[in-house]
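Only heavy atoms go into these numbers, but all of them, side chains included; no hydrogens, no water, no symmetry mates. Naming: A, B, ... by sequence-line order, numbering from 1 per chain.
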2 protein chains.
Amino acid sequence: MTSNHFLKNIYSEENFSKAEQEEIISYFKKTTIEKDTFLYKEGQYLDYFYILEKGFVRSYAIDFNGKEITTEFYSNHSIVIDWGSFFLKNPTQEFYQASVETICWKLNFDDFQKLFHSIKNFRENGRKTLTGNYVQMKNKNLLLITENAKERYLHLLKTRPEVIQNASLKHIATYLGITDTSLSRIRKEISL
Amino acid sequence: MTSNHFLKNIYSEENFSKAEQEEIISYFKKTTIEKDTFLYKEGQYLDYFYILEKGFVRSYAIDFNGKEITTEFYSNHSIVIDWGSFFLKNPTQEFYQASVETICWKLNFDDFQKLFHSIKNFRENGRKTLTGNYVQMKNKNLLLITENAKERYLHLLKTRPEVIQNASLKHIATYLGITDTSLSRIRKEISL
DNA sequence: TTTCGTTCTTGTCATTTGGAAAGAATAATA
DNA sequence: TATTATTCTTTCCAAATGACAAGAACGAAA
(Lines give C-alpha, C1' and ligand atoms only; values in the text may rest on other atoms or scores of the structure.)
Protein backbone atom coordinates (compact mmCIF):
# COMPACT_ATOMS: atom_id res chain seq x y z
CA MET A 1 0.00 0.00 0.00
CA THR A 2 1.60 3.21 -1.13
CA SER A 3 1.61 6.19 1.18
CA ASN A 4 -0.54 8.17 -1.23
CA HIS A 5 -3.13 5.50 -1.75
CA PHE A 6 -6.30 7.04 -3.13
CA LEU A 7 -8.50 5.72 -0.35
CA LYS A 8 -6.46 7.59 2.22
CA ASN A 9 -8.23 10.67 0.97
CA ILE A 10 -11.54 9.09 1.80
CA TYR A 11 -10.61 7.40 5.07
CA SER A 12 -8.30 10.15 6.14
CA GLU A 13 -6.04 10.37 9.15
CA GLU A 14 -8.20 13.17 10.37
CA ASN A 15 -10.93 10.67 11.11
CA PHE A 16 -9.13 7.35 11.44
CA SER A 17 -6.11 5.92 13.16
CA LYS A 18 -3.38 4.50 10.94
CA ALA A 19 -4.35 0.99 11.94
CA GLU A 20 -8.01 1.58 11.18
CA GLN A 21 -7.12 3.16 7.88
CA GLU A 22 -5.03 0.21 6.84
CA GLU A 23 -7.62 -2.32 7.87
CA ILE A 24 -10.40 -0.54 6.05
CA ILE A 25 -8.41 -0.05 2.90
CA SER A 26 -7.29 -3.67 2.85
CA TYR A 27 -10.84 -4.81 2.14
CA PHE A 28 -11.25 -2.68 -0.99
CA LYS A 29 -10.47 -4.04 -4.43
CA LYS A 30 -9.41 -1.81 -7.26
CA THR A 31 -11.54 -2.22 -10.36
CA THR A 32 -11.62 -0.66 -13.77
CA ILE A 33 -14.95 -0.24 -15.50
CA GLU A 34 -14.93 0.13 -19.26
CA LYS A 35 -16.73 3.01 -20.90
CA ASP A 36 -20.46 2.35 -21.35
CA THR A 37 -20.56 -0.71 -19.11
CA PHE A 38 -22.81 -1.06 -16.10
CA LEU A 39 -21.82 -1.03 -12.45
CA TYR A 40 -25.28 -2.27 -11.49
CA LYS A 41 -28.39 -3.09 -13.44
CA GLU A 42 -32.06 -2.85 -12.60
CA GLY A 43 -33.31 -5.88 -10.70
CA GLN A 44 -29.95 -6.68 -9.18
CA TYR A 45 -29.36 -7.00 -5.44
CA LEU A 46 -26.35 -4.93 -4.52
CA ASP A 47 -23.88 -6.63 -2.27
CA TYR A 48 -21.06 -4.21 -2.86
CA PHE A 49 -20.49 -0.57 -3.59
CA TYR A 50 -17.85 1.52 -5.32
CA ILE A 51 -15.87 4.62 -4.56
CA LEU A 52 -14.81 6.50 -7.67
CA GLU A 53 -11.17 7.36 -8.02
CA LYS A 54 -11.49 8.68 -11.55
CA GLY A 55 -14.27 8.62 -14.07
CA PHE A 56 -17.90 9.51 -14.49
CA VAL A 57 -21.03 7.49 -13.82
CA ARG A 58 -24.69 8.16 -14.44
CA SER A 59 -27.61 6.36 -12.85
CA TYR A 60 -31.02 6.29 -14.43
CA ALA A 61 -34.43 4.77 -13.94
CA ILE A 62 -36.92 3.80 -16.62
CA ASP A 63 -40.26 5.49 -16.15
CA PHE A 64 -43.71 4.06 -16.95
CA ASN A 65 -43.38 5.29 -20.54
CA GLY A 66 -40.08 3.56 -21.03
CA LYS A 67 -38.17 6.82 -20.88
CA GLU A 68 -34.80 7.08 -19.18
CA ILE A 69 -34.76 9.48 -16.24
CA THR A 70 -31.32 10.38 -14.95
CA THR A 71 -31.30 10.06 -11.18
CA GLU A 72 -27.73 10.98 -10.35
CA PHE A 73 -24.29 11.77 -11.68
CA TYR A 74 -21.18 10.51 -9.90
CA SER A 75 -17.74 11.94 -10.33
CA ASN A 76 -14.36 11.69 -8.60
CA HIS A 77 -14.48 10.77 -4.92
CA SER A 78 -18.19 9.93 -5.03
CA ILE A 79 -19.55 6.79 -3.49
CA VAL A 80 -21.61 4.93 -6.06
CA ILE A 81 -24.23 3.02 -4.15
CA ASP A 82 -27.93 2.34 -4.10
CA TRP A 83 -28.51 2.72 -0.38
CA GLY A 84 -31.91 1.10 -0.50
CA SER A 85 -30.58 -1.94 -2.22
CA PHE A 86 -27.39 -2.21 -0.20
CA PHE A 87 -28.95 -1.84 3.24
CA LEU A 88 -32.55 -2.91 2.78
CA LYS A 89 -31.86 -5.77 0.42
CA ASN A 90 -34.23 -4.67 -2.26
CA PRO A 91 -33.39 -5.07 -5.92
CA THR A 92 -32.24 -1.79 -7.38
CA GLN A 93 -34.60 -0.07 -9.80
CA GLU A 94 -31.90 1.73 -11.64
CA PHE A 95 -29.05 1.32 -14.06
CA TYR A 96 -25.63 2.68 -13.17
CA GLN A 97 -23.48 3.20 -16.21
CA ALA A 98 -19.94 4.50 -16.65
CA SER A 99 -19.78 7.23 -19.29
CA VAL A 100 -16.01 6.94 -19.54
CA GLU A 101 -13.45 4.41 -18.41
CA THR A 102 -13.70 4.54 -14.67
CA ILE A 103 -11.27 3.53 -11.95
CA CYS A 104 -12.92 2.66 -8.68
CA TRP A 105 -12.67 0.75 -5.45
CA LYS A 106 -15.12 -1.94 -4.49
CA LEU A 107 -16.20 -3.09 -1.05
CA ASN A 108 -18.62 -5.93 -0.47
CA PHE A 109 -21.41 -5.99 2.06
CA ASP A 110 -19.98 -8.61 4.41
CA ASP A 111 -16.71 -6.76 4.70
CA PHE A 112 -18.62 -3.54 5.15
CA GLN A 113 -20.56 -5.09 8.01
CA LYS A 114 -17.39 -6.27 9.73
CA LEU A 115 -15.95 -2.79 9.58
CA PHE A 116 -19.21 -1.13 10.51
CA HIS A 117 -19.67 -3.10 13.67
CA SER A 118 -16.05 -3.20 14.76
CA ILE A 119 -14.77 0.29 14.06
CA LYS A 120 -16.56 3.17 15.69
CA ASN A 121 -15.09 5.75 13.34
CA PHE A 122 -16.11 3.71 10.35
CA ARG A 123 -19.75 3.75 11.33
CA GLU A 124 -19.65 7.43 12.19
CA ASN A 125 -18.18 8.00 8.77
CA GLY A 126 -20.75 5.83 7.02
CA ARG A 127 -23.56 7.59 8.82
CA LYS A 128 -22.18 10.94 7.70
CA THR A 129 -21.98 9.79 4.11
CA LEU A 130 -25.53 8.50 4.02
CA THR A 131 -26.79 11.60 5.81
CA GLY A 132 -24.95 13.79 3.34
CA ASN A 133 -26.60 11.95 0.46
CA TYR A 134 -29.95 12.39 2.15
CA VAL A 135 -29.45 16.12 2.55
CA GLN A 136 -28.44 16.41 -1.07
CA MET A 137 -31.57 14.57 -2.17
CA LYS A 138 -33.70 16.79 0.01
CA ASN A 139 -32.18 19.91 -1.47
CA LYS A 140 -32.78 18.64 -4.97
CA ASN A 141 -36.39 18.12 -4.00
CA LEU A 142 -36.78 21.64 -2.75
CA LEU A 143 -35.20 23.04 -5.90
CA LEU A 144 -37.58 21.04 -8.06
CA ILE A 145 -40.47 22.64 -6.23
CA THR A 146 -39.26 26.19 -5.79
CA GLU A 147 -37.28 26.92 -8.93
CA ASN A 148 -38.20 26.89 -12.59
CA ALA A 149 -36.33 25.10 -15.33
CA LYS A 150 -33.86 27.87 -16.05
CA GLU A 151 -33.04 28.46 -12.40
CA ARG A 152 -32.50 24.76 -11.82
CA TYR A 153 -30.11 24.60 -14.75
CA LEU A 154 -28.17 27.63 -13.56
CA HIS A 155 -27.97 26.11 -10.11
CA LEU A 156 -26.53 22.90 -11.49
CA LEU A 157 -24.09 24.86 -13.63
CA LYS A 158 -22.89 26.69 -10.57
CA THR A 159 -22.72 23.85 -8.08
CA ARG A 160 -21.73 20.96 -10.32
CA PRO A 161 -19.94 22.23 -13.42
CA GLU A 162 -18.34 18.84 -13.97
CA VAL A 163 -21.80 17.45 -14.70
CA ILE A 164 -22.42 19.99 -17.43
CA GLN A 165 -19.07 19.14 -18.93
CA ASN A 166 -19.42 15.38 -18.84
CA ALA A 167 -23.06 14.63 -19.48
CA SER A 168 -25.12 14.99 -22.61
CA LEU A 169 -27.88 17.55 -22.92
CA LYS A 170 -30.53 14.85 -22.88
CA HIS A 171 -29.21 13.29 -19.72
CA ILE A 172 -28.93 16.61 -17.94
CA ALA A 173 -32.46 17.49 -19.04
CA THR A 174 -34.09 14.45 -17.47
CA TYR A 175 -32.03 14.97 -14.34
CA LEU A 176 -33.49 18.46 -14.06
CA GLY A 177 -36.97 17.26 -14.90
CA ILE A 178 -37.30 19.08 -18.19
CA THR A 179 -37.23 18.12 -21.85
CA ASP A 180 -34.20 18.36 -24.07
CA THR A 181 -36.08 20.94 -26.13
CA SER A 182 -36.49 23.18 -23.13
CA LEU A 183 -32.91 22.78 -22.03
CA SER A 184 -31.71 23.68 -25.49
CA ARG A 185 -33.85 26.84 -25.36
CA ILE A 186 -32.49 27.69 -21.95
CA ARG A 187 -28.92 27.33 -23.12
CA LYS A 188 -29.58 29.58 -26.05
CA GLU A 189 -31.21 32.17 -23.82
CA ILE A 190 -28.28 32.15 -21.43
CA SER A 191 -25.70 32.52 -24.20
CA LEU A 192 -27.34 35.68 -25.54
CA MET B 1 -42.80 0.26 32.07
CA THR B 2 -46.06 -1.34 31.03
CA SER B 3 -46.00 -4.42 28.85
CA ASN B 4 -47.72 -2.55 26.05
CA HIS B 5 -45.47 0.46 26.08
CA PHE B 6 -45.77 2.31 22.79
CA LEU B 7 -42.05 2.16 22.01
CA LYS B 8 -42.16 -1.63 22.07
CA ASN B 9 -43.84 -1.33 18.70
CA ILE B 10 -40.86 0.58 17.41
CA TYR B 11 -38.08 -1.36 19.11
CA SER B 12 -39.86 -4.67 18.79
CA GLU B 13 -38.88 -8.06 20.13
CA GLU B 14 -38.47 -9.15 16.58
CA ASN B 15 -35.35 -7.03 16.34
CA PHE B 16 -34.22 -6.57 19.94
CA SER B 17 -33.68 -8.67 23.03
CA LYS B 18 -35.79 -7.83 26.06
CA ALA B 19 -32.80 -6.32 27.79
CA GLU B 20 -31.93 -4.15 24.79
CA GLN B 21 -35.52 -3.08 24.44
CA GLU B 22 -35.70 -1.99 28.06
CA GLU B 23 -32.44 -0.12 27.92
CA ILE B 24 -33.35 1.72 24.76
CA ILE B 25 -36.79 2.66 25.98
CA SER B 26 -35.45 3.88 29.31
CA TYR B 27 -33.71 6.78 27.60
CA PHE B 28 -36.84 8.15 25.96
CA LYS B 29 -38.95 10.81 27.59
CA LYS B 30 -42.62 11.15 26.92
CA THR B 31 -43.62 14.64 25.80
CA THR B 32 -46.84 16.31 24.79
CA ILE B 33 -46.71 19.03 22.18
CA GLU B 34 -49.61 21.48 22.09
CA LYS B 35 -51.42 22.14 18.85
CA ASP B 36 -49.64 24.72 16.67
CA THR B 37 -46.40 24.70 18.65
CA PHE B 38 -43.02 23.94 17.15
CA LEU B 39 -40.90 20.87 17.70
CA TYR B 40 -37.96 22.60 16.05
CA LYS B 41 -37.46 25.96 14.47
CA GLU B 42 -35.25 27.18 11.67
CA GLY B 43 -31.74 27.98 12.81
CA GLN B 44 -31.82 25.56 15.71
CA TYR B 45 -29.26 22.79 16.19
CA LEU B 46 -31.11 19.57 16.88
CA ASP B 47 -29.77 17.56 19.73
CA TYR B 48 -32.78 15.32 20.09
CA PHE B 49 -35.47 13.73 17.97
CA TYR B 50 -39.03 12.55 18.46
CA ILE B 51 -41.03 9.47 17.70
CA LEU B 52 -44.72 10.19 17.26
CA GLU B 53 -47.13 8.11 19.27
CA LYS B 54 -50.18 10.10 18.27
CA GLY B 55 -50.65 13.35 16.45
CA PHE B 56 -49.69 15.09 13.25
CA VAL B 57 -46.70 17.24 12.40
CA ARG B 58 -45.78 19.24 9.33
CA SER B 59 -42.34 20.52 8.43
CA TYR B 60 -41.82 23.43 6.09
CA ALA B 61 -39.08 25.61 4.69
CA ILE B 62 -39.33 29.25 3.69
CA ASP B 63 -38.32 29.83 0.09
CA PHE B 64 -36.53 32.88 -1.34
CA ASN B 65 -39.90 34.61 -1.82
CA GLY B 66 -40.87 34.10 1.79
CA LYS B 67 -43.37 31.40 0.87
CA GLU B 68 -43.85 28.33 3.03
CA ILE B 69 -43.03 25.08 1.25
CA THR B 70 -44.18 21.95 3.05
CA THR B 71 -41.34 19.46 3.12
CA GLU B 72 -42.90 16.57 5.02
CA PHE B 73 -45.87 15.33 6.99
CA TYR B 74 -45.40 13.09 10.01
CA SER B 75 -48.07 10.89 11.51
CA ASN B 76 -48.29 8.06 14.02
CA HIS B 77 -45.12 5.97 14.41
CA SER B 78 -43.03 8.39 12.36
CA ILE B 79 -39.66 9.56 13.49
CA VAL B 80 -39.57 13.36 13.43
CA ILE B 81 -35.99 14.31 12.81
CA ASP B 82 -33.86 16.53 10.66
CA TRP B 83 -31.13 14.03 9.83
CA GLY B 84 -28.78 16.68 8.54
CA SER B 85 -29.05 18.69 11.69
CA PHE B 86 -28.96 15.74 14.06
CA PHE B 87 -25.96 13.96 12.55
CA LEU B 88 -24.05 16.68 10.76
CA LYS B 89 -24.56 19.37 13.35
CA ASN B 90 -25.94 21.93 10.97
CA PRO B 91 -28.73 24.27 12.00
CA THR B 92 -32.02 23.08 10.58
CA GLN B 93 -33.52 25.16 7.78
CA GLU B 94 -37.05 24.18 8.55
CA PHE B 95 -39.90 24.61 10.95
CA TYR B 96 -41.56 21.54 12.43
CA GLN B 97 -45.02 22.29 13.72
CA ALA B 98 -47.66 20.13 15.35
CA SER B 99 -51.05 20.54 13.66
CA VAL B 100 -52.85 18.91 16.58
CA GLU B 101 -51.92 18.04 20.13
CA THR B 102 -49.21 15.48 19.71
CA ILE B 103 -47.89 12.80 22.04
CA CYS B 104 -44.34 11.79 21.35
CA TRP B 105 -41.14 10.32 22.73
CA LYS B 106 -37.92 12.25 22.83
CA LEU B 107 -34.37 10.97 22.71
CA ASN B 108 -31.33 13.21 22.93
CA PHE B 109 -28.19 12.92 20.86
CA ASP B 110 -25.83 11.81 23.63
CA ASP B 111 -28.11 9.00 24.66
CA PHE B 112 -28.59 8.10 21.03
CA GLN B 113 -24.82 7.85 20.62
CA LYS B 114 -24.47 5.59 23.62
CA LEU B 115 -27.07 3.24 22.24
CA PHE B 116 -25.74 3.48 18.72
CA HIS B 117 -22.24 2.47 19.64
CA SER B 118 -23.11 -0.14 22.25
CA ILE B 119 -26.04 -2.03 20.74
CA LYS B 120 -25.53 -3.64 17.38
CA ASN B 121 -29.24 -4.03 16.73
CA PHE B 122 -29.83 -0.40 17.54
CA ARG B 123 -27.43 0.78 14.88
CA GLU B 124 -28.78 -1.67 12.34
CA ASN B 125 -32.21 -0.33 13.15
CA GLY B 126 -31.12 3.29 12.88
CA ARG B 127 -29.43 2.62 9.59
CA LYS B 128 -32.61 1.06 8.28
CA THR B 129 -34.67 4.03 9.36
CA LEU B 130 -32.40 6.57 7.73
CA THR B 131 -32.15 4.46 4.60
CA GLY B 132 -35.93 4.17 4.48
CA ASN B 133 -36.25 7.93 4.70
CA TYR B 134 -33.69 8.28 1.94
CA VAL B 135 -35.56 5.91 -0.34
CA GLN B 136 -38.79 7.77 0.33
CA MET B 137 -37.16 11.08 -0.57
CA LYS B 138 -35.74 9.56 -3.72
CA ASN B 139 -39.13 8.27 -4.76
CA LYS B 140 -40.70 11.65 -4.16
CA ASN B 141 -38.05 13.11 -6.40
CA LEU B 142 -38.79 10.70 -9.21
CA LEU B 143 -42.52 11.38 -8.92
CA LEU B 144 -41.90 15.12 -9.15
CA ILE B 145 -40.08 14.55 -12.40
CA THR B 146 -42.18 11.85 -14.03
CA GLU B 147 -45.75 12.64 -12.98
CA ASN B 148 -47.92 15.68 -13.49
CA ALA B 149 -49.81 17.52 -10.78
CA LYS B 150 -52.93 15.37 -10.89
CA GLU B 151 -51.01 12.12 -10.86
CA ARG B 152 -48.92 13.27 -7.92
CA TYR B 153 -52.02 14.15 -5.98
CA LEU B 154 -53.67 10.81 -6.74
CA HIS B 155 -50.50 9.06 -5.68
CA LEU B 156 -50.49 10.86 -2.36
CA LEU B 157 -54.17 10.14 -1.88
CA LYS B 158 -53.52 6.46 -2.41
CA THR B 159 -50.33 6.04 -0.43
CA ARG B 160 -50.89 8.51 2.39
CA PRO B 161 -54.60 9.14 2.90
CA GLU B 162 -53.95 10.40 6.42
CA VAL B 163 -52.12 13.37 4.94
CA ILE B 164 -55.12 14.33 2.83
CA GLN B 165 -57.33 14.09 5.90
CA ASN B 166 -55.13 16.06 8.25
CA ALA B 167 -53.49 18.75 6.19
CA SER B 168 -54.95 21.84 4.57
CA LEU B 169 -55.21 22.22 0.83
CA LYS B 170 -52.55 24.89 0.80
CA HIS B 171 -50.08 22.76 2.72
CA ILE B 172 -50.68 19.74 0.53
CA ALA B 173 -50.27 21.91 -2.56
CA THR B 174 -46.81 23.14 -1.67
CA TYR B 175 -45.81 19.63 -0.68
CA LEU B 176 -46.75 18.46 -4.18
CA GLY B 177 -45.08 21.43 -5.80
CA ILE B 178 -48.24 23.01 -7.19
CA THR B 179 -50.38 26.03 -6.35
CA ASP B 180 -53.48 25.88 -4.22
CA THR B 181 -55.46 27.03 -7.25
CA SER B 182 -54.31 24.04 -9.25
CA LEU B 183 -54.97 21.62 -6.45
CA SER B 184 -58.46 22.95 -6.03
CA ARG B 185 -59.08 22.39 -9.74
CA ILE B 186 -57.68 18.90 -9.53
CA ARG B 187 -59.98 18.04 -6.65
CA LYS B 188 -62.95 19.34 -8.59
CA GLU B 189 -62.00 17.34 -11.62
CA ILE B 190 -61.62 14.16 -9.61
CA SER B 191 -64.96 14.59 -7.88
CA LEU B 192 -66.82 14.84 -11.17
C1' DT C 1 -76.45 34.94 15.71
C1' DT C 2 -73.09 38.14 14.08
C1' DT C 3 -68.61 39.20 12.96
C1' DC C 4 -64.16 38.24 11.57
C1' DG C 5 -60.60 35.66 9.61
C1' DT C 6 -59.13 31.83 7.14
C1' DT C 7 -59.53 28.48 3.63
C1' DC C 8 -61.27 27.02 -0.57
C1' DT C 9 -63.25 27.76 -5.20
C1' DT C 10 -63.77 29.95 -9.50
C1' DG C 11 -62.78 32.89 -13.52
C1' DT C 12 -59.74 35.20 -16.71
C1' DC C 13 -55.56 35.56 -18.77
C1' DA C 14 -50.41 35.03 -19.14
C1' DT C 15 -46.47 32.17 -18.94
C1' DT C 16 -44.01 28.10 -18.89
C1' DT C 17 -43.17 23.88 -20.61
C1' DG C 18 -44.06 19.88 -23.59
C1' DG C 19 -44.76 17.21 -28.09
C1' DA C 20 -43.61 16.33 -32.61
C1' DA C 21 -40.99 16.83 -36.44
C1' DA C 22 -37.53 18.85 -39.37
C1' DG C 23 -33.11 20.53 -39.98
C1' DA C 24 -28.22 21.56 -38.45
C1' DA C 25 -24.17 20.27 -36.25
C1' DT C 26 -21.20 17.01 -34.52
C1' DA C 27 -19.05 12.68 -33.88
C1' DA C 28 -18.17 7.90 -35.31
C1' DT C 29 -17.03 4.67 -38.82
C1' DA C 30 -16.24 2.70 -43.21
C1' DT D 1 -13.59 11.76 -47.81
C1' DA D 2 -18.18 9.85 -47.83
C1' DT D 3 -21.65 7.80 -44.95
C1' DT D 4 -24.25 7.08 -41.10
C1' DA D 5 -25.75 7.79 -36.56
C1' DT D 6 -26.29 10.66 -32.80
C1' DT D 7 -26.96 14.83 -30.52
C1' DC D 8 -28.51 19.36 -30.49
C1' DT D 9 -31.34 23.25 -32.19
C1' DT D 10 -35.32 25.32 -33.97
C1' DT D 11 -40.15 25.98 -35.20
C1' DC D 12 -45.00 25.70 -34.48
C1' DC D 13 -48.64 24.63 -31.79
C1' DA D 14 -50.98 22.53 -27.68
C1' DA D 15 -51.42 21.57 -22.91
C1' DA D 16 -50.44 22.33 -18.17
C1' DT D 17 -49.87 25.34 -14.67
C1' DG D 18 -49.35 29.88 -12.47
C1' DA D 19 -50.79 34.74 -11.04
C1' DC D 20 -54.18 37.57 -9.57
C1' DA D 21 -58.44 38.78 -7.89
C1' DA D 22 -63.17 38.12 -6.47
C1' DG D 23 -66.38 35.60 -4.18
C1' DA D 24 -68.15 31.51 -1.46
C1' DA D 25 -67.84 28.48 2.32
C1' DC D 26 -66.45 27.40 6.66
C1' DG D 27 -65.10 27.77 11.35
C1' DA D 28 -63.80 30.34 15.56
C1' DA D 29 -64.85 33.58 18.82
C1' DA D 30 -67.47 37.45 20.65
### Closest nucleotide among D:dT9, C:dT17, D:dT17 to the A:N148 side chain
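Nearest nucleotide to the side chain: C:dT17.
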### Query
Between C:dT9, D:dA19, D:dC8, which nucleotide gets closest to the side-chain atoms of B:T179?
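It is D:dA19.
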Spacing of [X] atom [atom1] relative to [N] atom [atom2], expressed in whole Å:
X	N	atom1	atom2	value
A:I186	D:dC8	CD1	C1'	14 Å
B:R58	C:dT7	CZ	P	10 Å
A:I190	D:dT9	CD1	P	11 Å
B:I178	D:dA19	CD1	C1'	15 Å
A:K188	D:dT11	NZ	C1'	10 Å
B:K170	D:dC26	NZ	C1'	15 Å
B:K150	D:dA15	NZ	P	15 Å
B:L169	C:dT9	CG	C1'	9 Å

### Query
Closer to the 5' end of DNA chain C via nearest nucleotide, is it A:E147 or B:R185?
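Nearest nucleotide further toward 5': that of B:R185.
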### Query
Any side-chain N or O of B:S184 less than 4.0 Å from the OP1 or OP2 oxygen of C:dC8?
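It does not, given that no N or O in the side chain of B:S184 lies less than 4.0 Å from OP1 or OP2 of C:dC8.
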### Query
Side-chain N or O of B:T181 less than 4.0 angstrom from OP1 or OP2 on D:dG18?
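Answer is no, no contact under 4.0 Å.
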### Task
For residues A:F56 and A:V100, report the shortest heavy-atom separation together with the two atoms involved.
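Closest approach of A:F56 to A:V100: N-CG2, 3.5 Å.
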### Query
Pick from A:F49, A:Y48, A:F86: which one makes a ring-ring contact (aromatic ring centres under 6.0 Å, His included) with A:F109?
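Exactly one pass, corresponding to A:F86.
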### Query
Does the side chain of B:K30 come within less than 4.5 Å of B:I103's, by heavy atoms?
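The answer is yes, as the side chains (C-beta and beyond) meet within the 4.5 Å cut-off.
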### Query
Got a sec: does the NZ of B:K120 have more than 12 other heavy atoms crowding it under 6.0 Å?
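Open.
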